[in-house]
Amino acid sequence: MAFSNIIALSIIITTAATLNKAGIRQIATSAEAAQALKAIAGEFAFVVFALGIVGTGLLAIPVLAGSAAYAIGEAWKWPIGLSREPRDAAAFYSTLAVAGVLGMALALSPIDPIKAAAAMIPRKLCLVPSNPH
């Protein structure tokens, strides 16, 4: 996990340095993010951005749907797990399917993902557990 965090931090720092050098200091919409990639990707910036968004969605939706199904299943003490047959864990698989459909609907909605992510930061900070020891 430390290795992936180092890679992510390197990507963030490299991107910030490149965009700052190009005079891009604030990005508020997805279109601006795609336009900002021109400094890095050139004329194929919109293709690179679109592929990145599609790839992120293909990775994120199943992971988030799965984690939601596991969390809800554990809270309700349902039989959970992808190793179980659907007939043995019907509530778990139903939750997984509903969460996946909701994720796809959100991805196809007109909601700006950058604004939505920025709006979630204060809420997530409130949920971070603290260890007094």
Side-chain angles (χ1 to χ4, degrees):
M1 185 158 160
F3 185 67
S4 66
N5 288 341
I6 291 169
I7 290 172
L9 186 60
S10 299
I11 291 169
I12 291 168
I13 291 170
T14 304
T15 303
T18 304
L19 295 178
N20 188 47
K21 186 176 179 183
I24 301 167
R25 293 178 179 82
Q26 186 169 349
I27 298 173
T29 67
S30 299
E32 289 177 3
Q35 186 65 32
L37 278 176
K38 248 187 177 170
I40 301 167
E43 64 183 72
F44 296 108
F46 285 95
V47 173
V48 170
F49 186 77
L51 290 173
I53 293 294
V54 169
T56 300
L58 290 174
L59 288 172
I61 290 172
V63 170
L64 294 173
S67 63
Y70 273 98
I72 292 169
E74 286 179 1
W76 288 96
K77 299 185 180 3
W78 295 336
I80 59 170
L82 295 170
S83 62
R84 295 180 185 266
E85 292 292 322
R87 67 178 174 272
D88 298 331
F92 169 76
Y93 279 101
S94 297
T95 305
L96 181 64
V98 169
V101 168
L102 288 173
M104 287 185 281
L106 184 60
L108 296 172
S109 75
I111 296 172
D112 186 344
I114 293 177
K115 287 182 181 176
M120 290 305 297
I121 291 171
R123 292 173 184 91
K124 288 182 180 182
L125 290 175
C126 294
L127 297 175
V128 174
S130 61
N131 187 353
H133 302 290

*Any ring pair (Phe, Tyr, Trp, His ring centres under 6.0 Å) pairs touching residues 24-68, not counting sequence neighbours?*
none
_Summary of ring pair (Phe, Tyr, Trp, His ring centres under 6.0 Å) pairs that have at least one residue in residues 108-127, sequence neighbours excluded_ = none
*Partners passing side chain to side chain contact (heavy atoms under 4.5 Å, CB included) against I111 (at least two apart in sequence or in another chain)*: L106, S109, A116
_Checking K38 now: which residues fulfil side chain to side chain contact (heavy atoms under 4.5 Å, CB included) with it, not counting sequence neighbours?_
Q35, A45
For a quick test of your reading: what N or O donor-acceptor pairs under 3.5 Å do the side chains of residues 52-67 make, sequence neighbours left out?
| unit_1 | atom_1 | unit_2 | atom_2 | d |
| --- | --- | --- | --- | --- |
| T56 | OG1 | G52 | O | 2.7 |
| S67 | OG | V63 | O | 3.3 |
| S67 | OG | L64 | O | 3.0 |

All N/O donor-acceptor pairs, side-chain side in residues 82-97, below 3.5 Å, sequence neighbours left out:
| unit_1 | atom_1 | unit_2 | atom_2 | d |
| --- | --- | --- | --- | --- |
| R84 | NE | I80 | O | 2.7 |
| Y93 | OH | L82 | O | 3.0 |
| Y93 | OH | R84 | O | 2.8 |
| S94 | OG | A90 | O | 2.8 |
| T95 | OG1 | A91 | O | 2.8 |

*To the nearest 0.5 angstrom, please state how far the CD atom of E32 sits from the CG atom of L37.*
12.5 Å
For residues 4-11, please give each side-chain donor-acceptor pair under 3.5 Å, one per line with the distance, not counting sequence neighbours.
| unit_1 | atom_1 | unit_2 | atom_2 | d |
| --- | --- | --- | --- | --- |
| S4 | OG | M1 | O | 2.8 |
| S10 | OG | I6 | O | 2.8 |

*With the side chain counted from C-beta on, respond yes when L19 and R25 share a heavy-atom pair under 4.5 Å apart, and no when they do not.*
no
*For V98, what are the other residues in its hydrophobic cluster, where any two members join if their side-chain heavy atoms are less than 4.5 angstrom apart?*
L102
